Amino acid sequence: WSSDTIKVGVVGPRTGGAAATGKAFEEGIQLATDYVNAKGGVLNKKLEIVFEDTAGAPDKAASGFERLATRDKVVMVLGESHSSAALAEIEVANRLGIPFMVVEAWADPITAKNYRYVFRAGPSNSGVVNDTIAKWVAAEQFKKVAIVAENTDWGLGIAELTEKAMDKAGVPYLTVTTERKSQDHYMELTKLKAFDPDAVLAFVYGTGLHYFVAQAGEVGLTPKAIILDGAGPPSLWPDFWPNVGEYGDLECFVSSMHEKVELTELATQFRKSYVEAFGKAPTDYKSRSMFDAILIAADAINRAGSVDAEKLVEALEKTDLTVTRGKVTFGTEKGGPEYHHWMPPMLVIQWQNKEQVVLFPAEGATGKLKR
Amino acid sequence: MLEVSNIDVYRGETQVLWDISLEVAAGERVAILGSNGAGKSSLMGAIAGILPPAGGKINFKGETISGRKAYEVTRFGIALVPEGRRVYKEMSVRENLEMGGYVSRKQRRIDQGMEQVFALFPVLRDRRHQAGGTLSGGEQQMLAIGRALMSRPELLLIDELSLGLAPRITKEIYQAISGLELETTVLLVEQNVEMALSHSQRAYIMESGRITRSGRSETLMADDDIRRAYLGL
Amino acid sequence: MAREDDLKLVQGVGITKRFGGVQALSDVDFEVEKGTIVGLIGPNGAGKTTLFNIVAGAIAPSSGVVRFQGEDITGWSAYKVCRRGIARTFQVTRPFGEMTCLENVAVGVVNRQPGCRRSQWTALAAECLEAVGLRDLAATEARHLNVVQKKRLEIARALATRPELLMLDEVLGGLNSQEIQEAVAFIQGLRDQRRLTILWIEHVMGAIMQATEKVIVLDQGKILTTGTPTEVVNDPRVIHAYLGD
Amino acid sequence: MSQGASILKSNRKNFLYGAGLAAFAVLPWMLGVYNQHVLIVCLFYTMMAASWNLIAGYTGQISFGHAAFAGIGAYVSGILAVKAGLNPWVGVAAGTVAAAFFGLLVGLLCLRMGGIYLSLTTLGFSEILHIIINNEYEITRGTMGLQVPGLTTSYSKISYFYIFLVGAVITLTIVYKLVHSNVGLNFRAVQNDERAASALGVDVVRTRLLAFTVSSALAGMAGALFGHYMMLITPHIPSLDQQFLVLSMTVIGGLGSFVGPVIGAFCLEILSEYIRAWGEYHVLVFGLVALVVARFAPKGLVGIYKAWRGKKRPETA
Amino acid sequence: MFAIASMNGIVIGVIYALSALGVSLVVGIMNVVNFAHGEFYILAGYFSYLFATALGMNLLAAMTLAVAIVFVFGLLVEYTLIRPTYGDDLYSLILTFILSIVLQNAYLLIFGPYPNKPPGWVRGATDIFGLFMYGNQRLAALVAGTCVIVFVFAMIKLTWFGRIIRATSQDRGMAELNGVNTTRLNMLSFGLGCALAAAAGVILAPVFPVTPTAGVPVALTAFVVVVLGGMGSLRGCIVGGLTLGLVENLGAAYLSTGYKHVFGFIILILVLAIRPSGLFGHKEA
Ligand SMILES: Nc1ncnc2c1ncn2[C@@H]1O[C@H](COP(=O)(O)OP(=O)(O)OP(=O)(O)O)[C@@H](O)[C@H]1O
Ligand SMILES: Nc1ncnc2c1ncn2[C@@H]1O[C@H](COP(=O)(O)OP(=O)(O)OP(=O)(O)O)[C@@H](O)[C@H]1O
Ligand SMILES: [Mg+2]
Ligand SMILES: [Mg+2]
């Protein structure tokens, strides 16, 4: 057909419990398309993004993905923040032969399945646990840690990886699961308090984390123990402070973005154009992750010189591009989750008087852990 | 006082009353007789505002009350003792009586009214804290009448006064009604034809939703047809 | 002895029913002989309907035994009692308003003859409607019927369950004297042609006098007396409690 | 109307159903892959709505556990296929039986009280199921979803279309046969007046239980088929959102009418494909449409059509 | 452990009872289950947040205004949706079920997906007899919740309004004959039911921030409490709430935190199996 645009699909939750992520994705999409199209677009055509809502549900995600491929005829699909949805989507991508770049879904099997059409330009659970969390725990010399897992695939999965890492490091731990929908964590917290850990690795997503942090303060678990928010964003959400009040101070989180520390020049530029476009500083780093993904995709399409799926996969495998979070290269060795995966650097940040202080890695640190 | 002119009444889609007209003068006691399903209760319901007539008109003291809701009709000074007593089963006798006085909602009037009801039915005073549903049938009927009296009605409608009551209690209640005659006008439906006729001045006879006869009670009492049809004699 | 039991189609022994504090029936013994029409009369609240409900399985007695053809059916559920051969009508009619008359009656047919085909039950139901003179209204939804028609539908439905004992609860209400005459003839016809036994609650004394062979008088939950219609209406206790002097 | 005329009329009706079905059966050959998918989903919802209609429309029991029973069907079938390596078709049968079994249990528990108790208890049941699915992550894979094999060796939309078509026809036939059988008379009798029904020999509890169990089994079958079609079974299948869709489809199509749920399923599924582009507005629009129809046309589209036809050609009373 | 589990069970139990009070009232009087109860709760949470945070109103005034607005909204819903369904309780269930989905999505559009939390009334936590620490805002919610419950009880037991509500729930027709405008009473009591949901919402929003879908679990527990306690029994509502709170928390303390909510449902099933009409329910005739 003749069209003056090239369509790329995006999947992500615009409704449902994680609709906030959809919002962040939209912001990233807006900034990235402006950026790409201002530089001449892709293959001399305009880049057009079609955003399909998955509502965070795997079955909706699978049919949404299929819809993008069969109805909208997109050349490539990006996005996703739910591992469960992504795991459904990679099956469709593989079946239909559509390149799919996962952005913010962390489950290892997404790339560990070694599907030819599936890439990941974002963190994986094992990456986050082994490269960041375990190392940080070792660096801070915590004696005892507690692991809190919400009863979802992500929570239970990452908790299991963390248990393994703690076993390896010889750090004693206690794992407590909590119901995802529960608003009241007093009983879980009481169990934790009895264990008396130095740090609590909390794999609880969204508002649940806010409840958890606030209630941990109420029952007196913190500030003696330090909470690490394993998922990053909830501690950066605009309502984090209203929800947790003073109990948010000294809370730590894993993030690929920091308000001051920028690893690349593009990141500084991103921040500037974000503030221009939306009149506020970026909070949810997922907008930047999406921005990066679109840049990677546009680069690959241009290098492939075609929208043919095979050529796109080859071009992606050869990616060597600097985006906001650093230089992207995808692993090509089959057998593990590193295949087709680029793990961006992650930071451990602590709230100190509502200021973000980078604790880890040491080379980026702007301060020391306060307790 | 009460004028019912040519009313037609439906229950759902079935017509139950055809072209009913009757009159009750102030201070009078009038009986409505008729077999089961003749439409007596429907007529009472129509007057009390439960079953709005599809045609015709009901006037009370010169004002039209047909087409008004039951709670509005009550405020005109009409009270109904409904078929089947319908006491509030889970409320105490006292609360039941208080509900009767809801129209005025004045504590003093309610206290006075309650004293009068207790004077009329002393047994209710003994039972005033008992739940309505636990009263015996006769006591429930007394309660239902007492509750109707609480609103100090000018017109008292009583449906099936003696239903389910032992004859002795029926007599007691009739005597009580007779004692009310000074203030209150009474229109009553009764199965016990003889009792009704001997305690009323006039009577209407209904059959299959129509008024077939009317007249002074003594005349009707003496009528052979009526004796045969309703007294099984 | 055996013959005598055969004659008693239904028999109640010591039937007692309390509703909380209300003693609706106390120690009632009664029997209905096969092929007869028995009247059940008594003041309002005497317990007549309660007795019906107990025989029909709608409620269980507090104590006492109900036997049907010698079999103890006490406490059976209503549908079992019906399938055993006892049908009843309701004092306040209870038609299935959103179903046609034919379907109303068909419900009775299909539960007595499970597995019967559509054509069969259509015919049988139509026949029952015919019997009560509602054939023309077969396709009308029951809620459109008038009161008298609803009462006839009750009877048609009861007949559709092929009962041996038919219990009628005030089916004459709302009829004028002429209609009452016809109805009495109809009910006697049922007995003669369908070999039914009938237990009949009615306040219309004329009809009871005319149609029944035996009358049971209930008063305040107890049997006041039992006898031929003439005996009963002349019994001073009945006159006192029920008929009035 | 004479016997002959009515047979003629019913033959014509059967002929129309048959012709419609035949025309529908060749439809996917003329459509693209995407629209084939839409048709398959329509057929899934047809099964769900028609079986929900069996209890809600014909016996007046509003169950909020219908999606949960579909979930039981899907998970039982899926787990058997994944953990025990069972043939998926055997799994579908097992899922159907399991859904029937749980339907029976829930029915026994709350059909005695009926009405609102049933509604709220089925709601609770579906919530328990959700928590169990989330917690028994090892078996169910929680929200990540259980990946299951497909029903056919090579994936083809057309073959799934026919599988779902057969499923829908089975469901509709069972519903039709039940409703138009002697049991159907009992359903309606029980809905109209329980006491009168039992006096006419209807075993009220058994009748309700039968409707509830059959309806649950059909939901279980639909869920199991759908799970194998998506090749992924997630807690979304037994979710309240799904229950909402099924309920809206039935109500918009026409509660208690035979074709209503079919019409509702197709209209809403196709509509939702079109308004999906509105992103977060689409569920809202959906809900508003459902609300307006439910409020102003309680008999649904079928009711509107009947009223319109009735006005055009007034029935002779 | 036991001490804090019991304490938390009681606090959460009172919160449950408070959330269920409106449902119980409306079921008792009107035989209508308001499926959108949770959404009314959430709406009040949003309003109190908006008034207190965005408009900077006094906290108490913000809460009162929020409850008042939800009350009026409840009146409107009764008038447009519920009134035509009287006599068909299942149809009102369908309508309010759809309404709840509509509202959830409307909230998402209007208020966005992030949780919103009105400012707390108090800060910090209290040491309870040296046994454990307990959040002050929760203690405040406990007190406020108890006050609302006592107020509702007093109103039902002591005032004309309560008397006619009880009378109407026992015999609507008779109440009408006694001069009660039951149509208006229904509207008022539906509004009151919504206002009670709103009261629960404004009291609890500072503890549990509101999100568009947070009403679902609230309504769900409310229904469980109502069925557990017995349809329409206010006393049952309190006992049901406390039972549920204690069972869940003791279960979470000693059995499994992941299955916390399942324990509540298990109790519900046991109660239903033994007493089909709930703890304080009356079997309908
Ligand atoms: N709720 C109702 N719906 C439909 N029809 C009814 C209803 N109540 C009564 N009817 C019918 O309306 C007709 C008139 O009934 P109504 O109760 O007015 O008669 P009645 O003379 O008071 O009878 P009774 O002596 O039994 O009290 C009767 O045939 C009755 O069957
Ligand atoms: N479910 C019940 N709960 C409590 N009391 C009841 C119940 N059913 C009937 N009663 C009482 O039992 C007694 C007998 O009632 P029953 O209906 O058998 O009388 P009846 O002889 O049929 O009267 P009628 O001639 O008015 O039909 C009445 O006093 C009635 O109030
Ligand atoms: Mg009457
Ligand atoms: Mg009776």
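Lettering follows sequence order; numbering is per chain, from 1. Computed from a predicted model, the values in this text were never measured in an experiment.
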Any D:F125 side-chain heavy atom under 4.5 Å of E:L268 side chain: no

Min side-chain heavy-atom separation E:I98-D:L247 under 4.5 Å: yes

Value rounded to 0.5 Å, distance of OG1 in E:T221 from CD in D:E127: 9.5 Å

Separation of D:L245 CG from E:I101 CD1 (nearest 0.5 Å): 8.5 Å

Could you tell me whether [X] atom [atom1] has more than 12 heavy atoms of other residues or ligands within 6.0 Å of it?
{"X": "E:Y46", "atom1": "OH", "value": "yes"}
{"X": "D:R195", "atom1": "CZ", "value": "yes"}
{"X": "E:Y79", "atom1": "OH", "value": "no"}
{"X": "E:R83", "atom1": "CZ", "value": "yes"}

Taking [options] one by one, which has the highest count of heavy-atom pairs under 4.5 Å against chain E?
{"options": "D:G60, D:G287, D:A290, D:P298", "value": "D:P298"}
{"options": "D:L123, D:L255, D:T121, D:D241", "value": "D:L123"}
{"options": "D:I128, D:V251, D:L288", "value": "D:I128"}

Where E:V102 and D:L284 come nearest, the two heavy atoms and their spacing: O-CD1, 3.2 Å

Tell me, side chain or backbone of [X] under 4.5 Å from chain D's heavy atoms, or both, or neither?
{"X": "E:I269", "value": "both"}
{"X": "E:S100", "value": "neither"}
{"X": "E:L220", "value": "side chain"}
{"X": "E:V226", "value": "neither"}

Toward chain E, the part of D:L291 with a non-hydrogen atom under 4.5 Å: both

Aromatic contact, D:F64 with E:F223 (centres under 6.0 Å):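 Ring-ring flag for D:F64/E:F223: false, centres at least 6.0 Å apart.
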
Which of E:V224, E:V216, E:L81 touches chain D most, by non-hydrogen pairs under 4.5 Å: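 Among the listed options, the one with the most contacts to chain D is E:L81.
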
